[in-house]
Amino acid sequence: MTTASIIDGKAIAAELRQQVANEVGKLPFKPGLAVILVGEDPASKIYVRNKQVQTVEAGMNSFEHRLDADTSQDDLLALIAKLNADDAVHGILVQLPLPDHIDENRVINAIDPDKDVDGFHVINAGRLATGQKALTSCTPVGCVILAKKALGELKGLEAVIVGRSNIVGKPVAQLLLREHCTVTIAHSRTRNLDEVCRRADILVAAVGRPQMIKQDWIKPGACVIDVGINRIPREDGKTRLVGDVDFDGAVEVAGSITPVPGGVGPMTIACLLRNTLQAACALEGLPEPKI
Ligand code: GUN
């Protein structure tokens, strides 16, 4: 029985954040990231708090805007317009999900694409899909960094992504294509999903179903990148976090695997900080940082 090497996303993210901080230290100005949180979703509050702390630790300004859950769409759009026009703000992030009365696409597409550090704006999605320079969604970028750390060169490898969301599945497919992988986007309704997964040299699980991907779905030696963050009950009545992959089974077959927590999760904010640095340099007419 072999045991997969565990990809240490926490350490790799810390290294990337340090690189961002080093580059920020060389700038003649402070990049600024504005984060908008609408409502009281507990998970969103934790994400936003972590973003704020790590933004400041990287030497950047963090501008936080907390709005009531009943904030109107027009008021939110007015705030975005103000931040678009604010020269101290180089990145704008609207924490998702938004309350039901707000049209998420309308809001995302109101952000100046050059400040869209989440890479969710339709212009950035289109730039990515057509091979143009784009601000690119943070979690997908994190997945590819981790796969490269584990495998080195990705060229020619078979990549299977389980999940087709705009935030993860579709952009990670674009990024892996750019790395010259052969890419399949599968999802919960794919026929013979286990067989499709077994083709993968790189298996990206982003389907949002706890422990759905089993040991015998994994090709021996494959690199498994688990994007899932699911809270499931424990026997003692508390909860624990698990991914979309059945880790204990997968670790016996895979060549390398990301844990949950401590795998893809920490990469998201590190990549957000890198995007903010990139956006800031572009907006200020400085050369692109080499990280
Ligand atoms: N909600 C869950 N993940 C994300 C993310 O990456 N960005 C934003 N803005 N909201 C999220």
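In listed order, ligands and their atoms are each counted from 1.
For Thr136 (side chain) and Gly119 (main-chain N/O), no donor-acceptor pair under 3.5 Å exists by modelled atom type. The closest donor-acceptor contact from the side chain of Asp112 to the backbone of Asp114 lies under 3.5 Å. Counting only distance, with no hydrogens or angles, the side chain of Asn84 and the backbone of Ile111 share no donor-acceptor pair below 3.5 Å.
Comparing heavy-atom distances from atom 8 (C) of ligand 1 across Ile229, Asp118, Val168 singles out Asp118 as nearest.
Under the 4.5 Å side-chain heavy-atom criterion for grouping Ile, Leu, Val, Met, Phe, Trp and Tyr, Val144 is connected to Met267 within one hydrophobic cluster.
Under the 3.5 Å distance criterion, with hydrogens and angles disregarded, no donor-acceptor pair is assigned to the side chains of His180 and Glu153.
Checking atom 3 (N) of ligand 1 against the protein gives no heavy-atom contact under 4.0 Å.
Note that CD of Gln54 and CD1 of Ile269 are 4.5 Å apart. Values are rounded to the nearest 0.5 Å.
Each of the following atoms of ligand 1 lies closer than 4.0 Å to a heavy atom of Val94: 8 (C), 9 (N). Close approach of ligand 1 to Leu93 is summarised as follows: ligand atoms under 4.0 Å from at least one heavy atom of the residue are 9 (N).
Of all protein heavy atoms, the one closest to atom 11 (C) of ligand 1 is Gln95 NE2, 3.4 Å. At the shortest separation from atom 1 (N) of ligand 1 among protein heavy atoms lies Leu96 O, 2.9 Å.
Using a 4.0 Å cut-off between heavy atoms, Thr139 makes no contact with ligand 1 at all.
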